[in-house]
Amino acid sequence: MTGEAALPLLLLATSLLPAVVVLALPEHRALARNVLTLFGAISKVALMAVALLGVAQGLTFELRYAVLPDLDLVLRVEEIPLLFLTLSALLWLLTTVYAIGYLRGDAHQARFFGFFNLSVAATMGVGLAGNLFTFLVFFELLTLSTYPLVVHKGDTKALAGGRAYLAYAVAGGSTLFLAAVWLHVSVGPVELVSGGVLADHADAHAATLRGVFALLVAGMGVKAALMPLHGWLPRAMVAPAPVSALLHAVAVVKAGAYGIVRVVVDLYGLDTAEDLGLLGPLAALAAITLLVGSARAIGADGLKARLAYSTIGQVALVTLGVALGGVVALVGGLVHLVHQGIMKVTLFYFAGSVEQELGVSRVSELAGVGRRMPVAMGGATVAGLAMIGVPPLAGFVTKWHLALGGAQDGAWWAPVLLGASTLLTAAYVLPILHTGWFATPAQAWQASARRWEAAPTLLVPLVATAALTLGAGLLAGAPFSPLSWAELVAEAVLVGEQGAEVGGRP
Amino acid sequence: MSALPWLLALPLAAAGITAALVRRRRDRSAAALGVVTSLVLLGLALVLVAEVAPGPAARHRLLDAGGLALDLRADGLAALLVVVAAVVGVVGAVYAAGYRRTAPLPGAFWPWWLLLTTAMNGVFLLGHLFALYVAFELVGVAAAALVALSGGRAIRSARRYLVVAVAGSLVFLVGAALLYAATGTLALAELPGQAEPSLAAGVALALMTLGLLATAALFPLHFWLPDAHAQAPAPASPLLSALVLKVYFYVVIVLWFQALPQLVTPAAGVVLGVAGAAAILWGGVAALTQRSVKRLVVYSTLSQMGYLWLIPAILAGQSEPDAAGWFGWHGGIYYAVTHSSAKAAMLMAAGALVHAAGADRLVRLRGAAARAPAAVFAFALAGVNLVGLPPTGGFVGKWYLLSAAVAGGQWWIAAVVLAGGGLTAAYLIRVLRLAFMRSEPAPDPAAPALALPALGLALVTVLLGFRAVEVLALLEVGAPAVAGGAT
């Protein structure tokens with residue numbers, strides 16, 4: 001096997017092997033379990049660095065394996081996948097540290113970390129997928145491997161949440177399944193390639209392609225929590241905080257949004273999707289989700305519930321970025337894949353920390369947290385302000401590109417929409433910050449405090465992601481920043497589109 | 001030297017020897033012989049595959065006396081099913097050998113089980129309709145005897161099963177006799193050229209099919225199945241649910257698409273397909289209402305078998321090979337193969353869980369994921385295969401079945417395939433929900449001797465999800481014309 005094929009395989013194996021071993025290990029072998037999981041996570045980050053440098057130099061890493069006579073499993077490291085993969089690898093490492101601290105003393109940790117690692121493997125597969133078939137395989141695997149994590153607490157509420165999660169995910173998966181088969185039967189095997197591959201078929205199969213697109217978006221929209229397919233997300237909030245963090249920032253919801261990006265950009269191609277009239281409805285769907293999701297977050301008093309509705313709105317920004325159809329907006333959407341991840345994961349780390357340390361799970365109970373846990377509260381403040389879009393933080397970079405891109409392409413409503421979303425975001429974020437910093441605590445925590453601040457395993461990841469949020473905005477112009485990478489991708493897409501136009505349509 | 005005659009002679013001889021051993025109360029020796037025999041059979045089955053894979057079909061003259069020539073033959077499909085039976089057989093034998101150390105299992109299990117194996121191999125390999133009739137009778141008797149081993153209420157269910165099996169075989173025999181009158185031959189190899197479409201030949205085929213459908217428990221002829229399969233001893237249920245039903249299915253598709261394709265009309269195919277669709281939905285809904293673990297799985301069998309009967313709806317009446325035909329044939333058979341290992345794994349896991357819980361009640365599974373993780377994992381993995389999700393063989397089978405539906409424009413089939421998957425997921429969640437519940441007191445841990453074979457077979461279904469190329473290539477040997485075969 002060549003080095004080019006080994007890299008995708010290693011990216012999978014660094015979590016697949018720990019998953020298998022950890023599942024087989026007895027419960028009391030905590031040290032072996034943690035070392036193995038962390039070793040896998042650290043190796044994966046190192047491998048990602050190799051991949052980033054390699055792809056920047058123009059190398060391609062591809063693994064191909066025939067499952068059926070006319071269908072290959074294809075894993076490929078490319079520009080858009082790298083955004084998603086780097087984010088996943090990095091946040092997974094931090095969340096592993098966080099989860100080890102969060103679950104200390106809890107039961108069934110072998111099962112938890114086994115499936116935790118398996119979920120990473122599935123996410124890597126989703127990210128690396130080089131065709132729709134491969135995407136589908138890992139997308140479904142992601143559903144299956146996250147179910148035991150969602151129901152980890154094992155109480156009635158967790159199990160009900162798990163049932164809702166599976167019901168939605170299986171329905172979405174079936175929709176996606178039908179779409180993949182329909183496309184395969186109609187136009188043959190197609191790969192996901194920068195710039196899109198369906199331009200040649202747009203005339204002959206217009207109706208089929210529209211139908212397939214609707215099914216694809218519906219199938220992925222369930223995971224991406226596009227309204228009205230979002231019902232499972234607030235209910236799945238019963239999962240332990242590190243799981244929610246991953247579900248929202250990297251794995252499930254993000255995988256759905258990532259899938260929509262790849263379908264529009266790498267399967268259909270922006271121009272073809274535009275010509276088929278698919279982007280308008282998609283943009284409308286994203287806009288509605290953005291507004292309604294944010295609005296519902298305002299009313300939620302549960303901290304995690306508020307964050308869940310916030311995710312629905314924030315992830316819709318990614319979809320909006322591709323749906324606007326222009327290159328600048330595309331940059332905004334792509335960069336938000338990363339930005340939403342680091343901002344939201346910080347807030348979930350915060351939610352988990354106050355819950356674990358102080359037993360607080362409602363926004364109204366946050367009074368005095370700023371004095372008791374100033375560092376954690378500070379991290380949450382950075383992430384919260386970034387989410388609103390305060391310059392120069394990460395969220396501002398996103399919204400700037402989306403608004404500018406929309407305005408350039410004649411979508412006058414885009415800046416208005418983003419303005420409205422900013423107001424709504426402020427309306428649900430600022431109360432958290434205000435209560436946390438300025439309100440007077442109802443009870444005295446200091447008396448019962450075991451330590452100042454949260455445990456280091458919870459605090460370090462939080463500070464790290466908050467710093468990333470700051471850095472992604474401040475250093476947006478630096479090489480290898482999410483923004484410069486997204487711009488690189490957008491350029492490649494543009495080249496690919498022109499190539500498809502020259503080669504594909506006379 | 002062909003492996004064909006040994007695939008019948010060996011299990012038959014072993015059945016005789018184990019019967020003698022059990023008579024002398026040497027159950028342990030019988031179990032050991034059963035396990036060894038199943039291993040050798042697996043070896044023989046693989047030799048057969050090596051014989052058949054390069055093509056053409058393997059053939060062996062078993063008997064040539066008094067004007068009666070009796071052939072054994074195996075094309076790719078038959079060889080594949082022999083291998084599937086052998087794989088499930090090996091794991092089933094290991095499971096049974098482990099089971100008898102933890103729970104009472106009558107020694108008579110072994111001779112009946114080996115006789116059943118002989119008879120099933122006979123159905124797959126015999127090339128003559130009268131010989132097939134004899135093999136059917138044997139399958140029915142041996143299977144009913146296995147059910148009856150549980151004693152008590154199971155004896156009534158076994159009796160009912162036997163009546164259905166004998167009646168079905170007799171209807172089949174009447175059909176075969178009519179066919180002989182119309183064509184002058186009962187050898188499968190000679191039939192394709194002999195049978196002109198005529199009323200008599202049509203009625204003959206219809207009667208044979210009807211007899212087979214009753215014993216295959218296709219909706220609405222399934223009334224006898226849930227009791228018989230659920231009440232059988234834990235090591236017997238996997239063989240009954242995973243293998244025996246497919247025997248009848250195999251003969252129907254051989255008759256319809258290889259021996260007598262000129263007699264088959266599209267309408268007849270749709271009738272079978274609709275019955276299959278009804279089975280998928282009815283079985284799935286019924287599984288949602290069961291309170292016993294084994295009955296839930298057995299209703300799942302009823303549902304999953306329905307997928308196989310969609311094949312006739314896709315292929316019937318076509319004479320030209322087309323994409324839908326290829327997809328339908330290969331997808332349906334692949335689904336049958338993967339269902340065999342998944343269903344056997346699921347029933348073995350169910351047996352392990354029921355044994356640990358002490359009673360066959362769903363609510364007793366509360367907290368099972370903590371105490372019997374391997375058994376729950378095996379159950380879940382097998383369930384994932386049945387839902388048709390990756391990374392399992394069930395996904396590959398459904399991929400092709402859906403492809404066939406889309407390519408042939410039969411959207412109702414696509415809808416049924418997906419709806420069936422949804423129902424399967426729903427009853428799988430019922431089990432998982434209970435298993436993941438944190439509860440005191442938790443059930444006892446499942447015996448590893450029972451959980452590990454189940455897990456092994458469940459992993460086979462995962463393997464089938466990653467490598468379908470070779471299996472599909474084997475199927476090309478002797479595939480019918482509508483499915484792109486050379487003949």
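To find a chain, count down the sequence lines: A is the first, B the second, and so on, and within it residues start at 1.
- Both the backbone and the side chain of L432(B) come within contact range of chain A, judged by heavy atoms closer than 4.5 Å.
- For chain A, the option among L418(B), L472(B), L428(B) with the highest count of heavy-atom pairs below 4.5 Å is L418(B).
- If you measure heavy-atom distances from H152(A) to chain B, the contacts under 4.5 Å come from both the backbone and the side chain.
- With a 4.5 Å cut-off on non-hydrogen atoms, L136(A) touches chain B through its backbone and its side chain both.
- Comparing L71(A), L178(A), V185(A), L159(A) by heavy-atom pairs within less than 4.5 Å of chain B, the highest count is held by L159(A).
- Top candidate by heavy-atom pairs under 4.5 Å with chain B, chosen from Y147(A), W182(A), F177(A), is F177(A).
- Side-chain atoms of R163(A) do not come within 3.5 Å of backbone N or O of A426(B) as any donor-acceptor pair.
- Applying the 6.0 Å contact sphere to CZ of R29(A) captures no more than 12 heavy atoms from other residues, nucleotides or ligands.
- Contact annotation for A180(A): both backbone and side-chain heavy atoms come within less than 4.5 Å of a heavy atom of chain B.
- Taken to the nearest 0.5 Å, the OG1 atom of T156(A) stands 6.0 Å off from the CE atom of M437(B).
- Heavy atoms of V396(B) lying under 4.5 Å from chain A belong exclusively to its side chain.
- Here the side chains of L141(A) and P390(B) are not in contact, with every heavy-atom distance at 4.5 Å or above.
- When each of F139(A), F138(A), Y65(A) is checked for heavy-atom pairs under 4.5 Å with chain B, Y65(A) comes out on top.
- The choice from A374(B), G422(B), S403(B) that makes the most heavy-atom pairs within less than 4.5 Å of chain A is S403(B).
- Residue A414(B) touches chain A through its side chain alone, counting heavy-atom pairs closer than 4.5 Å.
- For the pair L68(A) and Y400(B), the minimum side-chain heavy-atom distance is below 4.5 Å.
- With chain B as partner, the option from T175(A), V151(A), L144(A), V170(A) having the largest number of non-hydrogen pairs under 4.5 angstrom is L144(A).
- In this pair, F395(B) and F133(A) present their aromatic rings parallel. The plane angle is below 30°, not in the 30 to 60° band.
- Taking each heavy atom of A66(A) and R467(B) in turn, the nearest pair found is O-NH1, 3.0 Å.
- When V387(B), L389(B), V471(B), V417(B) are compared by the number of non-hydrogen pairs under 4.5 Å with chain A, L389(B) comes out ahead.
- Judged by the 6.0 Å and 45° rule, R111(A) forms no cation-pi pair with F436(B).
- The contact between L402(B) and chain A is made by backbone and side chain atoms together, counting heavy-atom distances below 4.5 Å.
- Note: W411(B) leads W411(B), F327(B), F377(B) in heavy-atom pairs under 4.5 Å with chain A.
- Within the 4.5 angstrom heavy-atom criterion, atoms from both the backbone and the side chain of A369(B) approach chain A.
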